[in-house]
2 protein chains.
Amino acid sequence: MNPYENERLRLKAEVFKAMGHPLRLGIIEFLQLGEKCVCEIVEHVGTEISNVSKHLSVLKKTGIVTDRRDGLKMMYRLTMPCALDFARCVEGVVIKRLDAQRSVMVA
Amino acid sequence: MNPYENERLRLKAEVFKAMGHPLRLGIIEFLQLGEKCVCEIVEHVGTEISNVSKHLSVLKKTGIVTDRRDGLKMMYRLTMPCALDFARCVEGVVIKRLDAQRSVMVA
DNA sequence: GGTCTGTTTTACTATTTTACCAATAAGGCA
DNA sequence: TGCCTTATTGGTAAAATAGTAAAACAGACC
């Protein structure tokens, strides 16, 4: 593994890592509905606005979302559509695990 | 966001998080070539075997890989093919950033 | 049983991430 | 200008993660 290869993996891992938090994933899914302001995102995910803002900056840094100002509001939108394709795929795996958990709980 | 929704996002984020480490991503890409033993993986990624073992357990826990014993060796293989599709997609984004970095270095 | 090989687990330290709260922008409007 | 709304940044404590080395484990083979 040469330096270029290491850097490639590091950048790539950064994208996955950015998506690897429930709140950030929730934001990404919400943004599928279209451009949203921070205030709408806060309302949807239900946590401190400062917390949301920081998570948004993580997503922005890796290029998953981008923002623009609209008056007082900052509008965020997705810039990596393929992220959603994969998210859908993972969904299948996750649903299985959720069902398994429910079976255990019911039993 | 109800409890089920939260749990769904948590599990889903776990998959991304597992892929969000350069070493683990390197392992995943290596396993595209087919089933490999821990010793081969160690040689490929170039770090302590105990470290590789721990990363493998993370990947296994989330269902990205699975293992089987073959004599003394533990063989690992991918179980989430779609992970690769997304990885390829992210690749495009990453390559752009890498190129940008190189431009800066050259300039 | 004893020993070798291949792998996992444990114990430890250093670093990173996270959530919360307070403080600080930055734009709109009286 | 002053004040309101919206969002970001800084600080801090708690929790999670990563890497290393040593110990433990599991199967193969004598």
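Proteins come first, then strands; the chains are lettered A, B, ... in the order of their sequence lines, and each starts at number 1.
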Under the rule for salt bridge (charged side-chain N to carboxylate O under 4.0 Å, His left out), what residues qualify as partners of A:R69, not counting sequence neighbours? none
Rounding to a whole Å, what distance do you find between A:M75:CE and D:dT5:C1'? 15 Å
Integer-rounded Å distance: D:dA7 P and A:Y76 OH: 9 Å
Hey, are B:E48 and B:K54 close enough for a salt bridge, meaning a charged N less than 4.0 Å from a carboxylate O? no
Lys/Arg-Asp/Glu bridge criterion (N-O < 4.0 Å) met for B:E35, B:K73: no
Starting at CG of A:L56 and ending at C1' of D:dA7, how long is that distance when rounded to a whole Å? 10 Å
What is the distance, to the nearest angstrom, from the CG atom on A:D67 to the P atom on D:dT9? 10 Å
Judged by atom type as modelled, is there a donor-acceptor pair below 3.5 Å linking the side chain of A:E40 to the main-chain atoms of A:C37? yes
Should B:E5 and B:R8 count as an ion pair when the cut-off is N to O under 4.0 Å? yes
Rounded to whole Å, CE of B:M74 lies from P of D:dC25 at a distance of 17 Å
Should B:L23 and B:N51 be marked as a side chain to side chain contact (heavy atoms under 4.5 Å, CB included) after you check the CA-CA gap, both sets of side-chain angles, and the distance that decides it? CA-CA 10 Å; B:L23 208 78; B:N51 197 17; 4.1 Å; yes
Going 5' to 3' through nucleotides 25-30 of chain C and flagging B where a protein heavy-atom sits under 4.0 Å of the base, S where only the sugar-phosphate is that close, and - otherwise, we get --BS--
Could you run through nucleotides 9-19 of chain C and give me one letter per nucleotide, 5' to 3': B if any protein heavy atom sits under 4.0 Å from the base, S if only the sugar-phosphate is that close, - if neither? B-B-----SSB
Going by the angle between their ring planes, with limits at 30° and 60°, are A:H55 and A:H21 parallel, tilted or perpendicular? tilted
Between C:dT7 atom C1' and B:K60 atom NZ, what is the distance in whole Å? 11 Å
Between A:R10 and A:E7, does a salt bridge (charged side-chain N to carboxylate O under 4.0 Å, His left out) hold up when you go through it step by step? CA-CA 5 Å; A:R10 199 186 62 73; A:E7 183 62 5; 3.0 Å; yes
To the nearest Å, how far apart are A:I27 CD1 and D:dA7 P? 12 Å
